[in-house]
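Okay, structure first, notes after.
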Amino acid sequence: MTDQGVRRTVTQVPAQACDAASDSAGELAPCGPGEPSPGTAEGGVSAPASAASDAPSQPVPGRGAPLLGTAGEPVPDGPGEPSSDEPEAAALASPPTVSPAARRRAERRAERVTAGAAELERRLADLMRGGLIPAGQSGPALWEETAARMVDAQAPGLANRVRDLGVLASAGAPVRLLEECALLHLLAQAWLRRDRMPEPLAATVRSRVGLTASPEGPAIRDDWLVLAQYDTSDSRLITRRIWLHGTVSGRTALLLSYGAPGRAPDLTLPAGLAVDAELTPYPGAGQPRTALTGRFGAPAPTTVRPPGTTTSGALARYGAALRDDPWRESVPVTLDRVVPVPDGDGWQLADADEDQALPVGTAARSRPGLWRLVALSGGAPVRVFGECGPRGFTPLAAWPQGPGEAVPLC
């Protein structure tokens, strides 16, 4: 990001997000992924020191087995994403009335997750003592056995994060590895202290650990503008993400749909159209995920556009989101009046009204959507929707400054 003619690197973006959020909130906002805060390691990652005073991190006593590892069950990571279909998980994740038997099963599962989190803390402590570089040279088995242990503890969210550590270790990225270890430590500590947290933050911790939750009201009926739709996949699952903007409520919501490998998810909503629908949010602090609980017509063309903000406003929004969910990797943001400009080997979205810019994320630079955005702009300001995170901005849709339809970029 540039400010007063000084270009800032991608790794400096989260620090500005923290500063902006702190200024608006009157308190210290946790640094997010990509920027360490004092006494912690950074990364899409907050440091081991809790991002909220309700979940402080403490040194881990004792010594456990070395960090080891076998792949466990395929479960997606992230708040509210399905990681287990067991009824006791749903019973633990949300407080509705359940039978005594289901309540006992939920309590037993909580005990298993607690034991798994405590074991993970010991293994992380041993990893820090032994050093990250030797761990990165030990091969995938080092991480796979630990991931399997977290699956056995019925904490698939922790298992997925351990697998991510293995990927970073194999890639020879010790700094990123340290960052992700810090976030994993924070999550384990948050689970162990969840009873001291406000309920919205505790719900976020439960979903990040891997407990399923049901959407809970109130439902929101609106004309929802479909901002973007894109799929990600791995060997276990295809995940479809659909971003929506409520034209009356002003809310930005996320729908998730899943499919087996080789089979696209069933839910499809073309970008640029609007649909009269009812969405019910999932529990959790700052949780954007919702469930589609009613449709009252087919998607139809619309001239509505989401309101935009400046690049500095986007950073403030990201910093505020990290206060609610320190493990969040990005936030949905619509930038108004930005121009895509080259920046060495990369690209930036320069604010037409401020002397600032957001870097385009590395992954987005290799996609054809970036060139569609450049062609749409032609050097003039455009409105761009995307995801703003610690390693830059990922454009997903754009609108010309004058009349015109939305242009999908993903």
Side-chain angles (χ1 to χ4, degrees), residues 30 33 40-41 43-62 64 67 72-73 75-84 86 88-95 103 105-128 146-165 180-213 282-287 322-329:
T40 66
V45 242
S46 276
S50 163
S53 59
D54 302 290
S57 134
Q58 297 290 336
V60 182
L67 188 64
E73 303 166 1
V75 193
D77 184 24
E81 299 187 12
S83 49
S84 170
E86 296 177 307
E88 61 266 31
L92 183 62
S94 56
R103 177 68 63 186
R105 289 196 300 271
E107 291 172 352
R108 287 195 297 269
R109 180 176 184 183
E111 292 172 358
R112 289 193 290 269
V113 174
T114 297
E119 179 182 355
L120 181 59
E121 285 287 75
R122 291 192 295 270
R123 295 189 175 208
L124 286 174
D126 283 347
L127 178 64
M128 294 299 107
T146 299
R149 293 287 293 169
M150 296 304 103
V151 171
D152 292 342
Q154 296 187 293
L158 297 179
N160 283 339
R161 287 186 173 271
V162 170
R163 294 189 188 101
D164 291 342
L165 297 183
E180 294 300 330
C181 285
L183 268 192
L184 186 54
H185 166 67
L186 177 62
L187 182 55
Q189 283 289 320
W191 170 262
L192 296 173
R193 301 163 188 230
R194 64 195 182 282
D195 56 340
R196 308 181 197 177
M197 298 178 181
E199 175 51 32
L201 183 57
T204 297
V205 171
R206 289 194 293 265
S207 67
R208 290 293 186 182
V209 165
L211 302 185
T212 56
Y282 279 79
Q287 171 64 269
L322 289 177
R323 288 200 307 268
D324 294 330
D325 182 355
W327 305 277
R328 193 161 179 181
E329 295 183 355

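Computation of the quantities below employed the complete heavy-atom set of this structure, encompassing side-chain atoms and omitting hydrogens, waters and symmetry-equivalent molecules. Here, residue 1 is the first one in the sequence, and each next residue gets the next number.
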Handout entry: Approximate separation, where rounding is to 0.5 Å, of T114 OG1 and E119 CD
Key = 13.0 Å
Completion exercise
Closest heavy-atom pair, G210 versus R109, reported as atoms and distance to 0.1 Å, is O-NH2, 3.8 Å
Exercise for the section: Identify the heavy atoms of V151 and A159 that sit nearest to each other, and give their distance. Expected result: CG2-CB, 3.7 Å
Practice task
Give a yes or no answer on whether the side chain of T204 reaches the backbone of D325 with a donor-acceptor pair at less than 3.5 Å.
Solution key: no
Problem - Donor-acceptor contact below 3.5 Å, side chain R194 vs main chain W191 - result: yes
Exercise for the section: With rounding to the nearest 0.5 Å, note down the distance linking CZ in R328 to CD in Q287. Expected result: 7.5 Å
Problem - Between CZ on residue R193 and CG on residue L201, distance to nearest 0.5 Å - result: 13.0 Å
Exercise for the section: Measure the CG-CG distance between L127 and L165 for me, rounded to the nearest 0.5 Å. Expected result: 8.0 Å
Exercise for the section: Indicate the atoms forming the closest heavy-atom contact of A213 with Y282, along with that distance. Expected result: O-CE2, 3.2 Å
Exercise for the section: For residues Q154 and L211, report the shortest heavy-atom separation together with the two atoms involved. Expected result: O-CD2, 4.4 Å
Fill in the blank from the handout: In short, L186 meets P326 closest at the heavy-atom pair CD2-CB, 3.8 Å
Problem - Gap between atom CZ of R161 and atom CG of L184 - 0.5 Å precision - result: 7.0 Å
Exercise for the section: Kindly give the heavy-atom pair with the smallest separation between A117 and L192, and that separation in Å. Expected result: CB-CD2, 4.1 Å
Practice task
Can you measure from CD (E111) to CD (E107) and round to the nearest 0.5 angstrom?
Solution key: 7.5 Å
Exercise for the section: Using modelled atom types only, decide if a donor and an acceptor are shared between the side chain of R208 and the backbone of L187 within a distance under 3.5 Å. Expected result: no
